[in-house]
Trainee: 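Okay, handing you the structure first.
Numbering of ligands and ligand atoms starts at 1, following listing order.
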Amino acid sequence: MTVRDKKVLIIGGSRGIGAEAVRRFAADGATVAFTYHRSELEADALRQGTGAHPVRCDVKFSNSVKIAVDKAIDVLGGIDCLICNAAISDINLVTDIGEERWEEIIDTNLNGVYYAINYCLPAMISRHSGSIITVSSMWGQVGASCEVAYSAAKAGVIGMTKALAKEVGPSGIRVNSIAPGMIDTDMNAGIASEIVDEICDETPLCRIGKPSDIASVMEFLASDESSFITGQIIGVNGGLII
Ligand code: NDP
């Protein structure tokens, strides 16, 4: 599988799965730009370690995404692969979450994906090629209690991925989603170790995932080896949901 010389923009590349993707793609010869929002120090360390180009962006705001995409196109000389990875999560009863936080989750996890895709698509359509990878979640597939906003946004990402694959396939662009199970990142730092143990017990492969488990599928979907795959939701969850 090769991503050598691919021009890759990773939205949400400063930490966790996104940061691992930045390291993997850069190590395997891709030219990489990535966005960060709050984690400036982490982004700078990643730049120094990989040569990838950091761009600041808050995906909740269309204009911020536009500026970041324009900078990335400038610095990379185009985009072959867009990875929409940025998201936030919140564990709360739906009756306690409040409208403001609800909107923040939908804006970050769903609208932000639309903004990035919308600004990257015209150049991909003109070149008649491109791979778009969204990062959804197994909770978008089956729903998580106390994560109604997150599940709703991720289900939206899954619907967006399938619809867009149909719309832009004839333009030579593939669109797929990775739906991770529980992965060992900051996003799960607040989850009690007994709950993590329970999830491992219920998982056929008896463990939670590592960022590299997701990054390797990203590389496959970015590479030409997946050239006949579009509109798919690839579960990477150790078999927890089948
Ligand atoms: P992390 O919390 O470790 O990292 C989240 C990333 O998103 C950071 O780079 C962060 O940037 C960025 N981000 C958050 N808010 C914004 C914003 N408003 N604008 C721009 N960037 C933002 O998450 P993970 O690595 O765990 O998750 C990556 C993806 O995988 C997400 O889409 C998540 O929903 C999905 N996923 C993760 C699972 C898990 O168990 N970890 C399970 C299922 C899906 P910064 O730090 O610079 O603010």
Trainee: For atom 19 (N) of ligand 1, what's the nearest protein heavy atom and its distance?
Mentor: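 Residue, atom and distance for the closest contact: V59 N, 2.9 Å.
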Trainee: Below 4.0 angstrom from a heavy atom of N188, which ligand 1 atoms are there? Numbered from 1 as shown, please.
Mentor: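 With N188 as reference, the close atoms of ligand 1 come out as 39 (C), 40 (O), 41 (N).
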Trainee: Within a distance under 4.0 Å of any heavy atom of S39, pick out the atoms of ligand 1 and give their elements.
Mentor: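 Counting from 1, the qualifying ligand atoms are 45 (P), 46 (O), 47 (O), 48 (O).
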Trainee: Between R15 and S39, does any side-chain donor sit less than 3.5 Å from a side-chain acceptor?
Mentor: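 On atom types as modelled, these side chains qualify, holding a pair under 3.5 Å.
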Trainee: I need the S129 OG to R174 CZ distance, nearest 0.5 Å.
Mentor: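 Nearest 0.5 Å value for the OG-CZ distance: 10.0 Å.
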Trainee: Just which atoms of ligand 1 are under 4.0 Å from any heavy atom in G16?
Mentor: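 So the answer, numbered in order with elements, is 3 (O), 25 (O).
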Trainee: At the 4.0 Å heavy-atom cut-off, does Y150 count as touching ligand 1?
Mentor: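 Y150 counts as a contact of ligand 1 under the 4.0 Å cut-off.
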Trainee: Check whether S131 reaches the backbone of L221 with its side chain - one donor and one acceptor, N or O, closer than 3.5 Å.
Mentor: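 Yes, because the side chain of S131 sits within donor-acceptor range (under 3.5 Å) of the backbone of L221.
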Trainee: Below a 4.0 angstrom heavy-atom separation, can you tell me which part of T185, side chain or backbone, both or neither, approaches ligand 1?
Mentor: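 The part of T185 near ligand 1 is the side chain, not the backbone.
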Trainee: Output yes when the distance from some N or O of ligand 1 to some N or O of H37 is under 3.5 Å, and no in every other case.
Mentor: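 Such a contact does occur with ligand 1.
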Trainee: Checking N176 side chain against G231 main chain: does a donor-acceptor pair fall under 3.5 Å?
Mentor: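 Yes, because the side chain of N176 sits within donor-acceptor range (under 3.5 Å) of the backbone of G231.
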Trainee: Could you say whether the N/O atoms of P180 and ligand 1 ever approach to under 3.5 Å?
Mentor: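 No, no N or O pair falls under 3.5 Å.
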Trainee: Please confirm whether the backbone N or O of V55 pairs with a side-chain atom of T35, one donor and one acceptor, at under 3.5 Å?
Mentor: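 The answer is no, because no donor-acceptor pair under 3.5 Å joins these two groups.
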Trainee: Can you tell me which residue and heavy atom of the protein come closest to atom 15 (N) of ligand 1, and the distance to 0.1 Å?
Mentor: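 Going by distance alone, atom 15 (N) of ligand 1 is nearest to I88 CG2, 3.7 Å.
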Trainee: What's the separation between atom CD in Q141 and atom CD1 in I233, rounded to the nearest 0.5 Å?
Mentor: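 Between atom CD of Q141 and atom CD1 of I233 there are 7.0 Å.
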Trainee: Just which atoms of ligand 1 are under 4.0 Å from any heavy atom in R38?
Mentor: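 Answer, ordered by atom number: 45 (P), 47 (O), 48 (O).
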Trainee: May I ask you to identify the nearest protein heavy atom to atom 9 (O) of ligand 1, giving residue, atom name and distance to one decimal place in Å?
Mentor: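 For this ligand atom, the closest protein heavy atom is S14 OG, 2.8 Å.
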Trainee: With a 4.0 Å cut-off on heavy atoms, is V135 in contact with ligand 1?
Mentor: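 V135: in contact with ligand 1 (<4.0 Å).
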Trainee: Where on P211 is there a heavy atom closer than 4.0 Å to ligand 1, on the side chain, on the backbone, on both, or on neither?
Mentor: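 No part of P211 comes within reach of ligand 1.
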Trainee: Check the surroundings of atom CZ in R101: do more than 12 heavy atoms from other residues, nucleotides or ligands lie under 6.0 Å from it?
Mentor: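 More than 12 within 6.0 Å, yes.
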Trainee: With a cutoff of 4.0 Å, is C84 in contact with ligand 1, counting heavy atoms of the residue only?
Mentor: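 Judged by the 4.0 Å heavy-atom criterion, C84 does not count as contacting ligand 1.
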Trainee: Between I183 and I10, is there shared hydrophobic-cluster membership here, with clusters defined by ILVMFWY side-chain heavy atoms closer than 4.5 Å?
Mentor: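 They do share one cluster, since a chain of ILVMFWY contacts under 4.5 Å joins I183 to I10.
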Trainee: What atoms of ligand 1 come within less than 4.0 Å of a heavy atom belonging to Y36?
Mentor: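 Selected atoms, number and element: 47 (O).
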Trainee: With heavy atoms only and a cut-off of under 4.0 Å, state how I17 meets ligand 1: side chain, backbone, both or neither.
Mentor: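 Answer for I17: both.
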Trainee: Atom 38 (C) of ligand 1: which protein heavy atom is closest, and how many Å away?
Mentor: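 Protein heavy atom at minimum distance: G181 O, 3.9 Å.
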Trainee: Say whether, by atom type as modelled, one donor and one acceptor occur between the side chain of S223 and the main chain of E225 under 3.5 angstrom.
Mentor: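 Side chain of S223 to backbone of E225, a donor-acceptor pair under 3.5 Å: yes, one is there.
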Trainee: To the nearest 0.5 Å, what is the distance between SG on C84 and CG on L9?
Mentor: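 CG of L9 is found 8.0 Å from SG of C84.
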Trainee: What protein heavy atom sits nearest atom 1 (P) of ligand 1, and how far off is it?
Mentor: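 Sorting protein heavy atoms by distance from atom 1 (P) of ligand 1 puts R15 NH1, 3.8 Å first.
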Trainee: Quick one: does S64 get a heavy atom under 4.0 Å from ligand 1?
Mentor: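 No, that is not the case, since the closest heavy atom of the residue is not under 4.0 Å from the ligand.
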Trainee: Does N237 reach the main-chain N or O of L240 with its side chain, forming a donor-acceptor pair under 3.5 Å?
Mentor: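 Yes.
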Trainee: Need the ligand 1 atom indices (1-based, order shown) with element for anything under 4.0 Å from a heavy-atom of S136.
Mentor: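 Every atom of ligand 1 under 4.0 Å from some heavy atom of S136: 35 (C), 44 (C).
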Trainee: Considering the heavy atoms of K60, write down every atom of ligand 1 situated less than 4.0 Å from one of them.
Mentor: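 Once the distances to K60 are compared, the set is 18 (N).
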Trainee: I'd like to know if the side chain of S226 reaches the main chain of F220, judged simply by a donor and an acceptor atom lying under 3.5 Å from each other, with no hydrogens or angles considered.
Mentor: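 Checked: pair present.
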Trainee: Can you tell me if K154 contacts ligand 1 (heavy atom of the residue under 4.0 Å from the ligand)?
Mentor: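 It does, in that a heavy atom of K154 comes within the 4.0 Å cut-off of ligand 1.
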Trainee: Which heavy atom of the protein is the closest neighbour of atom 6 (C) of ligand 1, given with residue, atom name and distance?
Mentor: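 The protein heavy atom lying closest is G12 O, 4.3 Å.
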Trainee: Given A43, A189, A86, identify the one with the heavy atom nearest to atom 13 (N) of ligand 1.
Mentor: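 Answer by nearest heavy atom: A86.
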Trainee: I'd like to check which ligand 1 atoms, numbered from 1 as shown, lie under 4.0 Å from a non-hydrogen atom of D58.
Mentor: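 Per the distance check, 17 (C), 18 (N), 19 (N).
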Trainee: Nearest protein heavy atom to atom 14 (C) of ligand 1, by residue and atom, and its distance?
Mentor: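 Result: A87 O, 3.6 Å.
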Trainee: In plain terms, say whether R207 and D184 are close enough for a salt bridge, that is, a side-chain N and a carboxylate O under 4.0 Å apart.
Mentor: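 The answer is no: the pair does not qualify as a salt bridge.
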Trainee: Counting heavy atoms only, which part of I11 comes closer than 4.0 Å to ligand 1: side chain, backbone, both or neither?
Mentor: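 Under 4.0 Å from ligand 1, I11 contributes no heavy atoms.
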Trainee: May I ask you to identify the nearest protein heavy atom to atom 31 (C) of ligand 1, giving residue, atom name and distance to one decimal place in Å?
Mentor: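 Of every protein heavy atom, N85 O, 3.0 Å lies nearest to atom 31 (C) of ligand 1.
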Trainee: For ligand 1, note which part of C57 has a heavy atom under 4.0 Å away: side chain, backbone, both or neither.
Mentor: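 The backbone, only.
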Trainee: Roughly how far, to the nearest 0.5 Å, is the CE atom of M182 from the SG atom of C200?
Mentor: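 If I round to the nearest 0.5 Å, the distance is 8.5 Å.
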Trainee: Under 4.0 Å between a side-chain nitrogen and a carboxylate oxygen: does that hold for D58 and R38?
Mentor: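 Result for this pair is no, no salt bridge flagged.
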Trainee: Answer yes or no: is there an ion pair linking K71 with D74, defined by an N-O contact shorter than 4.0 Å?
Mentor: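 Salt bridge between K71 and D74, a charged N being under 4.0 Å from a carboxylate O: no.
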Trainee: Got a sec: does the CD of Q48 have more than 12 other heavy atoms crowding it under 6.0 Å?
Mentor: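 It does: Q48 CD has more than 12 such atoms within range.
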